[in-house]
Every structure is written in C-alpha cells, then in structure tokens.
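Within every chain, numbering begins at 1; the chains are lettered A, B, ... in the order of the sequence lines, protein sequences first and strands thereafter. These numbers were taken from a predicted model, which means no experiment stands behind them.
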Protein chains: 2
Amino acid sequence: MQKRISVTPDSTRCSTCMLNEICLPLGMQRGDVNKLDELIKERIRIAKGSALFQLGDPTEAVYGIRSGSLKTQLEDSSGQVQITGFLLPGEIIGMDGLLDNTHVSNAIALEDSEVCVIRIDELDELSHHLPVLQQQLRRLMSKEISRSHQLVMSLGALRSEQRLAAFLINLSQRLSTLGYSPSEFILRMSREEIGNYLGLTLETVSRLFSRFAREGLIRVHQREVHILDMGGLRLLSGTDCG
Amino acid sequence: MQKRISVTPDSTRCSTCMLNEICLPLGMQRGDVNKLDELIKERIRIAKGSALFQLGDPTEAVYGIRSGSLKTQLEDSSGQVQITGFLLPGEIIGMDGLLDNTHVSNAIALEDSEVCVIRIDELDELSHHLPVLQQQLRRLMSKEISRSHQLVMSLGALRSEQRLAAFLINLSQRLSTLGYSPSEFILRMSREEIGNYLGLTLETVSRLFSRFAREGLIRVHQREVHILDMGGLRLLSGTDCG
DNA sequence: CGCCTCTTTGATAAAAGTCAATCAGGGTGG
DNA sequence: CCACCCTGATTGACTTTTATCAAAGAGGCG
C-alpha cells in the first residue's frame, strides 16, 4: 500500500512546487529554497486507509504532504485510539517521533496521498550549508505545538457545538490557503473520525451537523459541506479558532 | 516580579547542575554538556503568581526550569483561558512561540521559581561548534508535541475519573524522576487549575479527590496528596498514562 | 480574631453518551 | 441492469456524566 518514488531532476522539486509558500519552505528566501531541492530525494504514495508510519516504527524522516490528506492518531495498549490531527497538503507530519527516533503515533491516509520524504540525517547534513534550515524545522515544530495546544483548548474549554464550529472554520481556512473554496468542500473523514478528534460521539457530531443546517449556518449532505453563514459559525464557536 | 541574574563562572552551570540528565542536556555526551555552559548566561527569578512571559511578548529565548514550577496557558480574545501544561524543574518552557518569535501563551509561576535563559540566537551561534545542540532542541520540541498529544488523548478519550487518575500518576512519575517521593507530594496548583487543565470544573475535581480517598486509592488533605494504591489508580486510569 | 480564599459537599439541571431503529448510497454479484 | 448488502449517517428515546448553583467549612495571614 506504500510506493516509494525517486525524485528525478525533472520531477517537481521544492523550488517549483505549488506548495512552496506553505510547506517546509515557508518564509524562506528564494535562493535558499533552491538549495532545498537537494533534500527531497524521494516521495511516497500511500493508498487510502493504509499507514505512512505506525507506532513503534523507527523515525528516519518527517514528511511534507504533497497531495491527499492523512490523520495522525495515538493508540494506547488497550487499543483505545485518539486522533490528534487531520493533515492537508503543505503540512508536515511525523514530528512527534523525533524524541528518540521512534514513532509514537500512526499516520493513516484518508484518501490516496503522496508525501515528500524529508530525511532527518540529510536535513542535518544540508544544514551545514543552509543554516536557516534548522530554524525552519524549529518553526514548523513550534507550529505543531501551538496547533496541538489549540486542540487542547478546544477539547478542554469548548462545548460540543463550539468545537464543531471551530473545526469547520479551521478546515475552511486551511483549504482556502490551498486555493480551494472556503465555503464548499468535501470532508475526507467520517463522522466517527470527526467525533473522535473532537472528543464527541459520532451521533453528537451528526446531530450537530443537522442542527447547524436547520439553523441555516451550513448545508450538508453526507460529506459535502457548504458554509452558508461564516459569521454565524464564528459567533457560535465563540473563539478566534485555531 | 522578575529578577534577572547573571550566571558567573562560579555559579552552577549545566555541567554541574543536578538536573543535568533531565533538562536540556538530556542524553548528551559529557564533553558536549561542558560546552553547553557557554549558552546559559542568565537566569530569571519569578515570584509566585507572576509571568515569565505573556501572550504577544517577543520570543527571545526558551527557558529551562531550575526550581519551582509554572503553568502555561492559552488565552483567547474573550479572555477564556486553557491551561496547557504544568512544568517542573528540568522541563523546558516557551517552545511554542518559535513560529514567528512571538509568544502565543502565558507562563505563570505557581510558586517562586527560577529558570535558565536559553537564548535562541546564542543557541544558533553555539550550534556551529556543537551541532548536536540543534538535535537536542529538536528532541525536546518533539517531546513537547507528544506531551500535548497525550493531553489531547486524555481530554478526548478519558472520563473525568480517568483524567484525574492519569494526572496524578503522571505527576508522581515526574516528581519521582526529580528524586522526590512518588507517593507523597504537595500540589502546587489549585483545584480550579487542575480542573481547567483537565477540562473539568473545580467541583468535579474536588469530588473526585474525595471519592478516590473514600475508595482508599489516595489520602488527600487540601493540597497534600498521598498515593496509597498506585496499582488501583493505574487500573482506574485505564491507560499507560502519558 | 476575623476576613478572605480555597475547598468540600449537596441538590438540581444541562449536556452529551448510549442503545436502537431506520435511512441513504455505493459497490457487487446474480 | 437491477436487487441486495454493507457501511456510514441520521434520528429518536432514554441514561449517565458532568456542570451549575448554593451553602457551609477550613486554613492562612494580617
């Protein structure tokens, strides 16, 4: 279910990638981004439902998502699962796991996806000639810490309707950054996955979708969502929505 | 309420610090730790209740806690607060905030505390001569990501009693690492702060303490906690407790 | 000693979960 | 090609958990 692909000189590289401004190169100088091309030597295709990495696997790399979407989830010894993130193109996955180079979570594709392999050893190597690269990874890790803290805030301080509203707004914003419509999108995850992520049951999520629709905030049909009243959603969420 | 202290040659340094094995130097070679001494030029004393940094402050450093304890909390525009961590000696604080060098949380001392200042610019500087240092920070940031994910799991997947049990076990383990008793300790935070952290109300926390005591799992008197039945607590928590 | 803050405990209400039935689509095989 | 089946989604009735409101108790500090 995984297929490794070599990146040849004529493949798309960081310097020519559309996700340039969002992904690893976020905020880097043009010239430096060109040097990044040396870093990405391989990509991996992952089929829907299969794992990019799993709990206990050695961490040799982190991954920039090129297309598709994935979820990350913790799994404890009793098999209990908690989804900790839904990741979209341009986002980096696998940065937990760098404590002692062992993955502590699973990363599973929500649809057929492709990721760029950022090998840690090569990152350290390249950093000698491109010192800004270490700072870059640091910024991305810091972002992941903040993101996770936001999720903690959502789970700890918001009520179910606020969580779902904040979730939709957050998705909308991220899709918008990628150039997609902020008001119409297809959810790649099930009600159960949304519920797990937000600390709710799938029934509660389903009921909330119906209620939001009844109140004219959204239109929803299965996994297709239209946001009709972004202002209303924001108001409902009661936060600035991380 | 903050007092900056220069670290003189005869002060305690990383190489002679008791927290050597836990803090920034975690897992580093002896020789490398000696080089770390150049990095820490300043410490800060923070009085109980006052802030080490606040939302919006520029991030010039991260901080290793030398003594005392702090909490970190997010605060949204409506003033709603969510505590995202209680930090003990040897732990690093301030690693969110490295995305664009602005703090996105508050760090407040739970008791009079002292932290070592790890300036980011000096860290980058020293890294030229001590490449392992970047990896070190990376590991600590990865650890913070995992820690936060564990908290997400606690908030999203556990019931109130499991959360509090897991919280006590986690505290016990960390205090034990510091050489304190794993079974007797003083909580530095109020019921309200514990509740906020765990996504519960202070009343629920108080009731749970009473219930655990009634069931013989702990003895508790105000902020003094004795763990009587660690096995029972573990069983109750239903997890491997991050 | 008395005030103030934190904690405990109780009664009640609200939120979200559980159990159960039905519905809708998509894919498969006859 | 269509019926059927399987999975995921919706909706309802009821239960459990946790929050809210309220009052009283315990320490600590001036």
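- Axis angle across the helix from dC1(C)-dG30(D) to dG30(C)-dC1(D), with five pairs used at each end and values rounded to 10°: 30°.
- Atom CG in L198(A) sits roughly 12 Å away from atom P in dA16(C) (whole-Å rounding).
- In this structure, G195(B) reaches neither bases nor backbone, as no heavy-atom distance under 4.0 Å exists between it and the strands shown.
- Here the CD1-NZ distance, from I108(B) to K71(B), works out to 5.0 Å after rounding to the nearest 0.5 Å.
- Here dC6(C) presents its P atom at 13 Å from CG of L110(B), a figure rounded to the nearest Å.
- Taking only side-chain nitrogens and oxygens, S210(A) comes nearer than 4.0 Å to OP1 or OP2 of dT11(D).
- Protein atom CD of E203(B) is 16 Å distant from nucleotide atom P of dA15(C), rounded to whole Å.
- Rounded to an integer number of Å, the gap from CZ of R163(B) to C1' of dT17(D) is 11 Å.
- One cannot find a donor-acceptor pair under 3.5 Å joining the base of dT10(D) and the side-chain atoms of R211(A).
- Crowding of E42(B) atom CD: a count of heavy atoms from other residues, nucleotides or ligands under 6.0 Å exceeding 12.
- At the heavy-atom level, L202(A) lies under 4.0 Å from base atoms of the strands shown.
- Heavy atoms of R159(B) sit under 4.0 angstrom from primed sugar atoms or phosphate atoms, though from no base atom.
- Within 4.0 Å (heavy atoms only), S160(A) reaches sugar-phosphate atoms of the nucleic acid but no base atom.
- In terms of the side-chain contact (heavy atoms from CB on, under 4.5 Å) criterion, residue partners of T204(B) (sequence neighbours excluded) are, by chain and number, S160(B), L200(B), T201(B), L208(B).
- L208(A) has its CG atom 9 Å from the P atom of dG17(C), to the nearest Å.
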Enumerate the protein-to-nucleotides 21-27 of chain C contacts in which both atoms are nitrogen or oxygen and the separation is below 3.5 Å.
from    : atom 1 : to      : atom 2 : distance (Å)
dG25(C) : OP1    : H221(A) : NE2    : 3.4

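- Contact annotation: the side chain of E192(A) never approaches that of N196(A) to less than 4.5 Å [non-hydrogen atoms, C-beta and beyond].
- Nucleotides of DNA chain C nearest to V220(B) and T204(A) differ in position, and the one nearer the 5' end is that of V220(B).
- The side-chain heavy atoms of L98(B) and M141(B), taken from C-beta on, include a pair separated by under 4.5 Å.
- Residue S206(A) is classed as a base contact, given a heavy-atom separation below 4.0 Å to a base.
- Below the 3.5 angstrom threshold, one finds a donor paired with an acceptor across the side chain of R207(B) and the base of dG10(C).
- With values rounded to the nearest 0.5 angstrom, E193(A) atom CD is found 11.0 Å from L202(A) atom CG.
- Residue E192(B) places no side-chain atom within donor-acceptor reach of the base of dC6(C), judged by atom type and a 3.5 Å distance cut-off alone.
- Taken to the nearest 0.5 Å, the CZ atom of R211(A) stands 6.5 Å off from the CG atom of L236(A).
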Would D100(A) and T102(A) satisfy side chain to side chain donor-acceptor pair (under 3.5 Å), going step by step from the backbone distance to the final call?
-> CA-CA 6 Å; D100(A) 23 51; T102(A) 303; 4.6 Å; no
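- The distance between the ring centers of Y197(B) and F86(B) falls below 6.0 angstrom.
- R223(A) comes within 4.0 angstrom of sugar-phosphate atoms only, judged by non-hydrogen atoms across all strands, and of no base.
- Atom CD of E215(A) is surrounded by more than 12 heavy atoms from other residues, nucleotides or ligands within 6.0 Å.
- If you measure from atom CD1 of I194(A) to atom P of dG8(D), you get 13 Å, rounded to the nearest angstrom.
- Heavy atoms of T201(B) sit under 4.0 angstrom from at least one base atom.
- Computed from coordinates, the Q162(B) CD to dT16(D) P distance equals 17 Å when rounded to whole Å.
- Rounding to whole angstrom units, CZ of residue F209(A) and C1' of dT10(D) are separated by 12 Å.
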